[in-house]
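Below: the structure, in structure tokens.
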Amino acid sequence: MAAESVKLSKNLLRMKFMQRGLDAETKKQLEEDEKRIISDEHWYLDLPELKAKENLIIEEKSLVPCEDLIYGRMSFKGFNPEVEKLMVLLNPKDEKEEEEEDMGCMQTDITDEDMALRYESLVGTMKKKFAKKRERAAMDEDEVNQNVVVKNSKKKAFLKPQD
Amino acid sequence: MFSVLKERVGEILLPGDEFCCGPQDTLPLTDSGKAGRLVAGPGLRRSGDRLLVSRSGVLRHKEPNKFWIESQQRRYVPAKGETVIGIVTTKSGDVFKVDIGGSELASLSFLAFEGATKRNRPNVQVGDLLLAQLVVANKDMEPELVCIDGSGRANGMGVLGTGGLLIKVSLGLVRRLLAPRSDLRADLEQLFPCELTVGMNGRVWVRAGAVQQTLVLANLLQSCDAMTAAQRQQLFRRLQQGAF
């Protein structure tokens with residue numbers, strides 16, 4: 001029951017459970033103090049700092065970057081399609097080849113007219129899909145009526161059997 | 001030194017020739033204004049400030065700063081980053097020992113395959129042919145191989161299939177086959193459908209539709225090694241007329 005607070009030893013204060021209550025700043029201070037104590041005891045060489053010389057020559061043991069060698073697997077005349085795909089992927093692309101590819105892409109795309117035609121029919125079918133049952137029935141009847149009208153325009157007369 | 005080297009491009013150099021970097025030498029500046037570095041390829045060695053030639057051959061140059069010595073060789077020296085064809089010799093625990101034609105057997109961990117886990121082991125037997133990439137290759141350590149790239153994809157590496165033939169060629173032929181614009185490859189393309197896998201260690205694996213075609217291809221490659229371009233064209237023409 002001492003009147004003043006109990007004086008704790010330095011070692012005790014350095015223990016982990018005593019450090020948890022401290023702020024970050026005080027912790028850093030303590031660490032730095034410790035480091036300073038250690039570095040004073042350690043021996044060091046009293047030499048000027050040596051700067052590593054910047055090497056102007058780099059050694060390269062492999063021939064692949066020197067001669068730009070291509071990927072090792074190759075397939076000719078479509079013998080192995082997977083390898084042909086790998087060849088296209090892994091070999092460095094030529095500039096000329098890239099241009100040709102762009103032109104090729106344009107040719108395989110569909111023209112604007114075809115696109116417009118397709119959209120015309122597409123809109124109709126999509127509309128039908130989302131229409132309610134009665135509306136769909138009405139739409140079908142209209143189509144059928146149109147067809148029937150076309151057919152009935154040419155009425156066939158009765159042919160008398162010849163004796 | 002740079003200018004001296006450039007002058008001697010195309011000349012034959014012998015081991016022991018050296019190039020010193022004099023005090024007044026300046027390397028050409030790169031775009032960013034820093035001094036450009038000289039890349040010494042195979043055949044050239046750096047010793048302090050000097051560049052030493054360690055192999056006899058012709059000095060070659062590639063813009064902007066690569067120099068190397070081109071020479072004939074059949075023996076492969078493992079270099080990091082190259083794709084090689086190896087033969088599995090033993091399977092010990094988690095590691096395969098693979099023969100790549102160098103001075104030591106290379107090790108290949110069984111986890112270095114695409115989609116391999118501890119439970120899901122790759123289907124590799126002793127005697128299988130593999131296409132793998134060297135990850136560690138220097139004179140002080142045992143070479144190490146992997147069959148996947150940095151992002152974990154196989155990219156064509158791994159076990160090579162059945163039905164093909166493995167032949168041993170000189171490293172010069174490998175270089176000629178893999179050059180960006182190669183006449184030899186253009187000629188081969190005209191012959192018949194076939195598949196070729198070239199390893200940088202002088203091993204080539206060939207496969208074609210019929211066994212006879214495979215044998216023809218193998219013999220062709222081995223003889224092309226020692227032929228001039230004209231002789232090779234003649235041989236190919238004769239083959240095409242022979243009609244396969």
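Reminder, nothing fancy here: chain letters follow the sequence lines and each chain counts from 1.
- At a 4.5 Å heavy-atom cutoff, B/A137 makes no contact with chain A through either its backbone or its side chain.
- Other residues, nucleotides and ligands contribute more than 12 heavy atoms inside 6.0 Å of the CD atom of B/E11.
- Residue B/R153: no heavy atom, backbone or side chain, is found under 4.5 Å from chain A.
- Looking at B/Q190, only its backbone comes within 4.5 Å of chain A, counting heavy atoms on both sides.
- Within the 4.5 angstrom heavy-atom criterion, only side-chain atoms of A/L86, from C-beta onward, approach chain B.
- Highest contact tally toward chain A, considering only B/E189, B/M200, B/K66, B/K80, is held by B/E189 [criterion: heavy-atom pairs under 4.5 Å].
- Heavy-atom minimum distance, A/C66 versus B/G41: SG-CA, 4.1 Å.
- Side chains of A/D68 and B/K62 form a contact here, defined as non-hydrogen atoms less than 4.5 Å apart.
- Only the side chain of A/N80 comes within contact range of chain B, judged by heavy atoms closer than 4.5 Å.
- Side-chain atoms of A/E60 do not come within 3.5 Å of backbone N or O of B/P42 as any donor-acceptor pair.
- With a threshold of 4.5 angstrom between heavy atoms, B/R207 approaches chain A through its backbone and through its side chain.
- Proximity to chain B (any heavy atom under 4.5 Å) is shown, for A/I70, by both the backbone and the side chain.
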- Between B/E70 and A/E67, does a side chain to side chain contact (heavy atoms under 4.5 Å, CB included) hold up when you go through it step by step? CA-CA 10 Å; B/E70 193 179 281; A/E67 293 199 6; 3.8 Å; yes

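- In this model, a donor atom of one side chain and an acceptor atom of the other lie less than 3.5 Å apart for B/E82 and A/S62.
- Considering CD1 of B/I69 and CG of A/L63, their distance stands at 11.0 Å, rounded to 0.5 Å.
- Counting only heavy atoms from C-beta outward, the side chains of A/I58 and B/L38 never approach each other to under 4.5 Å.
- For the options B/R45, B/H61, B/R46, heavy-atom pairs under 4.5 Å to chain A are most numerous at B/R46.
- Atom NZ of A/K61 and atom CG of B/N138 lie 7.5 Å apart (nearest 0.5 Å).
- Checked by atom type and distance alone, the side chain of A/R73 pairs as donor or acceptor with a backbone atom of B/G156 at under 3.5 Å.
- Listed for the A/Y71 side chain is a donor-acceptor partner under 3.5 Å among the backbone atoms of B/N155.
- Around NZ of A/K85, the count of heavy atoms belonging to other residues, nucleotides or ligands within 6.0 Å does not exceed 12.
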- Worked verdict on B/L188 versus A/M74 for side chain to side chain contact (heavy atoms under 4.5 Å, CB included): CA-CA 11 Å; B/L188 278 172; A/M74 42 184 127; over 6 Å; no

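- The part of B/L131 that comes within reach of chain A is its side chain, from C-beta onward, which places non-hydrogen atoms under 4.5 angstrom from that chain.
- Taking CG of B/D49 as the reference point, atom CD1 of A/I57 lies at 6.5 Å (rounded to 0.5 Å).
- Contact tally against chain A (heavy-atom pairs below 4.5 Å) for B/A40, B/A208, B/C194: the top residue is B/C194.
- To the nearest 0.5 Å, the span separating CD on B/E195 from NZ on A/K77 amounts to 16.0 Å.
- Within 6.0 Å of atom OH in A/Y119, 12 or fewer heavy atoms from other residues, nucleotides or ligands are found, so the atom counts as exposed in its surroundings.
- The neighbour count for A/D33 CG, taken as heavy atoms of other residues, nucleotides or ligands under 6.0 Å away, is above 12.
- Contacts from residues 168-176 of chain B to chain A, taken as heavy-atom pairs separated by less than 4.5 Å, involve B/R175 in sequence order.
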